[in-house]
**Student:** 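Take this structure, written in C-alpha cells, and hold onto it; I'll ask about it next.
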Amino acid sequence: MNEKEFELLLEDYLPEEKKSGDVVEGVITRKELDYGFLDLNAKKEGRIYASEVKDFEIGDKIEVKVLREDDENIIVSKFVLDKAKELASFNVDDIVTGEIIKKIKGGYTVRIGKNEAFLPFSLARFDKNKDYTGQKFKFLIKEKNKSNITISRSDLIKIEEEKYLEKVNIGDVVTGKIKEIFDFGIILDLGATSGFIHISEISWDQVDNLTEKYKIDDEISAKIIEKDAEKNRLKLSIKQLSEDPWVAFAASHNVGDVVEAVVKDVLDFGIVVTVDGNSGFVHVSELAWHNGAKELKNYKEEDKFSAKIIQIEDEKKNVKLSVKQLSENPWDTVKEKYHIGDIIEKPITEVFDFGLLISLEKDIDGLLHVSDLSYKREANLTSKYKAGDVIKFKIVDFNDEKNRITLSAKALLDDRWEILEETYDFDNTFKGKVMNVQDYGIFVELEKGIEVFIHKNEFSWNKKEHKEYKVGDEVEFKVIVVDKLDKKLSGSIKQLEKSPWKEAIEQYKKGNIVNTEIVEIQENFVLVKLTDRFNGIIPKRELTEEFLKDISEKFSVGDKVEAVITDINEKRKSIALSVKKVQEMEEKKELDELMKVYGV
C-alpha cells in the first residue's frame with residue numbers, strides 16, 4: 001500500500017468536517033432543558049434548540065442544516081432547513097393562507113407557514129384605518145426570489161371575482177350578507193365579490209329609508225339584473241324576485257273604475273296613495289267640487305277611501321284618482337238656475353283682502369272682487385264686511401274652468417248712471433257727507449254707491465288757505481265733471497263763489513289807470529292790490545324810468561303807486577301793470593298840449 005492509498009483510506013475513516021449551509025443527517029444522543037445534541041459523524045457534536053426536537057426521541061435520525069461552529073459544538077437547525085424547503089416549494093401564482101403579523105412601512109408582514117411575506121398596501125384591498133393583526137386571509141404569490149416573497153390579496157380577489165362572474169348569469173338568484181347601507185342603495189357581500197342593489201330595486205313600492213328596513217349582516221337574496229364582466233360588477237334586485245304588481249293592476253283596471261286607496265302621504269297640493277300595491281295620486285282639485293284645499297285637512301296617513309280612476313300612466317306606473325267624481329258635479333245644473341244679469345241678495349261666506357266669497361248653492365261659490373264692489377276704490381274689506389252680512393249684487397259671468405260665478409255690486413249702478421244727468425241738475429249746488437279722506441282730496445257721497453271726488457285744489461281759491469275735512473263732515477259743493485264712461489264725478493267747493501279772477505276782469509280792463517297799494521315786494525317785481533282777493537304785478541323794469549338795482553331802496557309795502565294796466569292774461573290768470581308807462585303817458589300828454597299851442 002503506497003502513501004497515497006493510505007491517505008484516502010484515512011479520510012474515509014476520520015470524521016467529516018461540516019461547513020455552514022450543509023444539510024446533514026444526525027442522531028439525537030441526548031435532550032437537555034435548552035438544547036438537544038446530535039451525533040453528526042464529526043469531530044464535534046451538533047447542538048440544536050430543544051424546541052426543535054421536542055417531538056422526537058433519543059436515537060431518532062433527523063435532517064438538519066449547519067448554521068455555524070463554535071469552540072465546542074456545530075450549531076444546527078431543523079427549522080431553518082424546513083423553512084428553506086418550504087420557500088423552495090412556493091411558486092409564483094400559488095394560492096396560500098397567511099396571518100397578518102404587523103403593519104410596516106408600505107404594507108404588512110404576513111406569516112405563511114414558516115416564512116414571512118410582504119403584502120403592499122396597493123395589493124392588500126384593506127381599509128387602512130382598520131387593524132388586521134392576527135387575522136388570516138388567502139393570498140396569491142405575486143413575486144419570489146431566494147429569500148423574499150411578495151403576495152397579493154387584490155389579485156386573488158380579482159381571480160375569484162372573474163371565476164364567480166363566469167358561473168353566474170343575469171336572472172340568477174344569489175344570497176349574501178349586507179356589507180354597507182347608503183341612502184341610495186345596499187352593498188351585498190356575495191363572498192367572492194359584491195353586488196349593488198339600488199334603492200329603486202328594493203321594492204315595487206317606494207322605499208324612503210333603507211336603515212329602517214335593513215341592518216348590516218342581514219342575509220338577503222336578490223336577482224342578478226345586470227352583469228359587467230369587464231368591471232367585475234353585479235347589479236341586483238330584490239323586488240324582481242316577485243311579479244310587478246303594476247302588470248296585474250293595468251291588466252284588470254280601466255279609467256272609470258272605483259278602487260280603494262290608502263293614504264301614504266299628505267302634501268300641500270294633494271294626496272299620495274297606494275292602490276293594490278301601486279302608486280297613485282289625488283290632486284287637491286279632485287278632492288271636492290268646491291274648496292278641495294279645505295277637504296285636504298280631513299285626510300291622514302293610513303286612511304282608506306274610495307276613489308275613481310281618471311288616468312292610468314303606464315310609463316310612470318302611476319294611477320291618478322278623483323274623489324269628487326264619485327258624486328254629481330253641481331256646476332252642471334247651476335246655469336239652469338242662474339243667468340247673467342240676475343240680481344240676487346245672499347249672505348257673505350268669507351271676507352278676503354281681494355274680495356268677498358258668496359255661496360250661491362252647496363259647493364258653488366260666487367266671487368265678488370274688490371274692484372266690483374263699487375266704482376270707488378275699496379280698501380280694508382275686513383273692517384267693512386263680515387261673514388253673514390247680506391249683500392246685493394248682479395251675476396256678470398260664469399267661469400266653467402274654475403266652476404265659479406263672477407259677481408258685481410257696482411254693476412247695479414250702471415242703470416243708475418245712465419239716467420244720472422236726468423236725475424240731477426248739475427248746475428245746482430249739492431250737499432253730501434265726507435266718506436273718505438286722502439292727502440290729495442276727499443270723497444263725498446251724492447247717493448248710496450255714488451261718490452263725488454273733490455281734489456284739494458278745489459277746496460279754496462286762496463292757495464294759502466289750508467282747509468281740512470274729516471269723515472262724516474257735511475260739505476256743500478258743485479259738480480264740475482261728469483264722466484259716465486269711467487263712472488266718475490268730480491266736484492268743487494271753491495266754485496260755490498265767483499273766482500277772484502272773474503271778479504278782477506269784470507272790474508278792470510287793459511289801459512285802465514289805477515291808484516293802488518304795494519302789498520308785496522320781490523327781487524324782480526312788486527304785487528299791488530286790485531281787489532281784496534286778487535293782486536296785479538308790476539315788473540321791476542316798469543316801476544321807474546331809471547334802472548333800479550334794489551326795489552326796496554325806493555319802494556316799500558304800503559306805498560301808493562299810480563299804474564296803468566298793460567296786459568290781461570287769461571291763460572295765466574294774471575294782470576300786469578306799469579308805473580313807468582303812466583309817466584310816459586303824462587309826458588306825451590304834455591307834449592301834445594304844447595304842440596297844440598306851439599305847433600310847428
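Along the sequence shown, the residues carry numbers beginning at 1.
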**Student:** Mind checking side-chain hydrogen bond (donor to acceptor under 3.5 Å, both in side chains) for Ser574 and listing every partner two or more places apart, or none if nothing turns up?
**Tutor:** none
**Student:** Taking 4.0 angstrom as the limit, do Glu497 and Lys494 come out as a salt bridge?
**Tutor:** no
**Student:** Quick one: does any side-chain atom of Lys308 pair with a main-chain N or O of Val323 as donor and acceptor, under 3.5 Å?
**Tutor:** no
**Student:** Spell out, as yes or no, whether a donor-acceptor pair under 3.5 Å connects the side chain of Asn462 to the backbone of Lys464.
**Tutor:** yes
**Student:** Looking at every non-hydrogen atom in both residues, tell me the closest pair between Ser122 and Ser154 and how far apart they are.
**Tutor:** O-OG, 4.1 Å
**Student:** Can you tell me if Asp228 has over 12 outside heavy atoms packed within less than 6.0 Å of its CG?
**Tutor:** yes
**Student:** Please check: side-chain N/O of Arg153 versus main-chain N/O of Phe139, any donor-acceptor pairing under 3.5 Å?
**Tutor:** no
**Student:** If you count the non-hydrogen atoms of other residues, nucleotides and ligands that lie under 6.0 Å from CG in Asp439, is the total more than 12?
**Tutor:** no
**Student:** For Asp265, enumerate each residue passing the salt bridge (charged side-chain N to carboxylate O under 4.0 Å, His left out) test, keeping only those at least two apart in sequence or located in another chain.
**Tutor:** none
**Student:** For the pair Trp289 (side chain) and Ser327 (backbone), establish whether a donor and an acceptor sit closer than 3.5 Å, ignoring hydrogens and angles.
**Tutor:** yes
**Student:** Does Lys223 have any salt bridge (charged side-chain N to carboxylate O under 4.0 Å, His left out) partners at least two apart in sequence or in another chain, and if so, which?
**Tutor:** none
**Student:** Return the orientation label for the Phe443 and Phe453 ring planes: parallel under 30°, perpendicular over 60°, tilted otherwise.
**Tutor:** tilted
**Student:** For residues Thr175 and Ile220, determine if any side-chain heavy atom of one lies less than 4.5 Å from a side-chain heavy atom of the other.
**Tutor:** no
**Student:** Given 3.5 Å as the limit, does a donor-acceptor pair link the side chain of Asp172 with the main chain of Asn169, or not?
**Tutor:** yes
**Student:** Is there a side-chain contact between Ile309 and His253 (heavy atoms, below 4.5 Å)?
**Tutor:** yes
**Student:** Any heavy-atom pair between the side chains of Ile100 and Lys136 that's under 4.5 Å?
**Tutor:** no
**Student:** Using the test side-chain hydrogen bond (donor to acceptor under 3.5 Å, both in side chains), find all partners of Ser490 that sit at least two apart in sequence or belong to another chain.
**Tutor:** none
**Student:** Write down the atom of Leu210, the atom of Phe184, and the distance for their closest heavy-atom approach.
**Tutor:** CD1-C, 4.3 Å
**Student:** Is it true that Tyr108 and Phe118 have ring centroids separated by less than 6.0 Å?
**Tutor:** no
**Student:** Tell me if a side-chain donor or acceptor on Ser237 pairs with a main-chain N or O of Gln240 at a distance below 3.5 Å.
**Tutor:** yes
**Student:** Could you walk me through whether Leu321 and Ile310 pass side-chain contact (heavy atoms from CB on, under 4.5 Å), step by step?
**Tutor:** CA-CA 5 Å; Leu321 307 165; Ile310 57 174; 5.7 Å; no
**Student:** Name all residues meeting the salt bridge (charged side-chain N to carboxylate O under 4.0 Å, His left out) criterion together with Asp276; count only those two or more places apart in sequence or in a different chain, and write none if there are none.
**Tutor:** none
**Student:** Which atoms form the tightest heavy-atom contact between Val266 and Val263, and what is the distance?
**Tutor:** CG2-CG1, 3.8 Å
**Student:** Should we count NZ of Lys484 as having more than 12 external heavy atoms under 6.0 Å?
**Tutor:** yes
**Student:** Going by the angle between their ring planes, with limits at 30° and 60°, are Phe281 and His283 parallel, tilted or perpendicular?
**Tutor:** perpendicular
**Student:** Of all residues at least two apart in sequence or in a different chain, which pass the side-chain hydrogen bond (donor to acceptor under 3.5 Å, both in side chains) check with Ser200?
**Tutor:** His198
**Student:** In terms of heavy-atom contacts, does NZ of Lys227 have more than 12 from other residues, nucleotides or ligands at under 6.0 Å?
**Tutor:** yes
**Student:** For the residue pair Val173 and Ile224, establish whether any side-chain heavy-atom pair is separated by less than 4.5 Å.
**Tutor:** no
**Student:** Quick one: do Val481 and Leu489 satisfy side-chain contact (heavy atoms from CB on, under 4.5 Å)? Show the steps, please.
**Tutor:** CA-CA 6 Å; Val481 177; Leu489 293 175; over 6 Å; no
**Student:** Under the criterion side-chain contact (heavy atoms from CB on, under 4.5 Å), I'd like the reasoning laid out for Thr429 against Phe477: C-alpha separation, chi angles, the key distance, then a yes or no.
**Tutor:** CA-CA 6 Å; Thr429 299; Phe477 59 92; over 6 Å; no
**Student:** When you measure from the side chain of Asn278 to the backbone of Trp246, do you find a donor-acceptor pair of N or O atoms at a distance under 3.5 Å?
**Tutor:** yes
**Student:** Can you measure from CD1 (Ile454) to CD1 (Ile442) and round to the nearest 0.5 angstrom?
**Tutor:** 4.5 Å
**Student:** Are Phe430 and Tyr424 near enough that their ring centres are under 6.0 Å apart?
**Tutor:** yes
**Student:** One pair to check against side-chain contact (heavy atoms from CB on, under 4.5 Å): Asn436 and Val471. What are the steps and the verdict?
**Tutor:** CA-CA 6 Å; Asn436 189 5; Val471 174; 5.6 Å; no
**Student:** Thr133: which residues meet the side-chain hydrogen bond (donor to acceptor under 3.5 Å, both in side chains) condition with it, sequence neighbours left out?
**Tutor:** Asp131
**Student:** Can you tell me if Lys179 uses its side chain to pair, donor with acceptor, with the backbone of Ile187 under 3.5 Å?
**Tutor:** no
**Student:** With a 3.5 Å distance limit and no angle check, can you tell me whether Tyr132 reaches the backbone of Phe137 through a side-chain donor-acceptor pair?
**Tutor:** no
**Student:** Would you say the side-chain atoms of Gln135 and Glu99 include a donor-acceptor pair closer than 3.5 Å?
**Tutor:** no
**Student:** Quick check: closest heavy atoms across Val207 and Ile199, and the distance to 0.1 Å?
**Tutor:** O-CD1, 3.3 Å
**Student:** Measuring only between side-chain heavy atoms, which start at C-beta, is Leu367 closer than 4.5 Å to Ile405?
**Tutor:** no
**Student:** Would you mind listing every salt bridge (charged side-chain N to carboxylate O under 4.0 Å, His left out) that reaches into residues 287-303, with sequence neighbours excluded?
**Tutor:** Lys300-Asp303
**Student:** Test your reading of the model: is there a side-chain donor-acceptor pair from Asp155 to the backbone of Ser152, 3.5 Å cut-off?
**Tutor:** no
**Student:** Please find the pair of heavy atoms, one from Leu123 and one from Ile151, that lie closest to each other, and give the distance.
**Tutor:** CD1-O, 4.0 Å
**Student:** Does a side-chain heavy-atom distance below 4.5 Å link Glu315 with Glu313?
**Tutor:** no
**Student:** Assess whether atom CG of Asn209 is packed by more than 12 heavy atoms of other residues, nucleotides or ligands within 6.0 Å.
**Tutor:** yes
**Student:** Ignoring hydrogens, what is the shortest heavy-atom contact between Lys103 and Phe121? Give both atom names and the distance.
**Tutor:** CG-CZ, 3.8 Å
**Student:** Using atom types as modelled, flag every donor-acceptor pair under 3.5 Å from a side chain in residues 343-360 to any protein atom, sequence neighbours excluded.
**Tutor:**
residue, atom, partner, partner atom, Å
Thr349, OG1, Ser359, N, 2.9
Ser359, OG, Glu361, O, 3.3

**Student:** Is it the case that atom NZ in Lys467 sees more than 12 heavy atoms from other parts of the structure closer than 6.0 Å?
**Tutor:** yes
**Student:** Without hydrogens or angle criteria, can the side chains of Trp501 and Glu570 be said to hold a donor-acceptor pair below 3.5 Å?
**Tutor:** yes
**Student:** Are any of the side-chain heavy atoms of Leu188 and Phe196 separated by less than 4.5 Å?
**Tutor:** no
**Student:** Determine which pairs satisfy side chain to side chain donor-acceptor pair (under 3.5 Å) with at least one residue from residues 468-482, sequence neighbours left out, and list them in order.
**Tutor:** Lys470-Asp473
**Student:** Just grab all the salt bridge (charged side-chain N to carboxylate O under 4.0 Å, His left out) pairs involving residues 239-260, residues at least two apart or on different chains.
**Tutor:** Asp244-Lys317
**Student:** Using salt bridge (charged side-chain N to carboxylate O under 4.0 Å, His left out) as the criterion, list what pairs up with Arg233, not counting sequence neighbours.
**Tutor:** none
**Student:** With a 4.5 Å limit on heavy-atom distance, are the side chains of Val273 and Phe305 in contact?
**Tutor:** yes
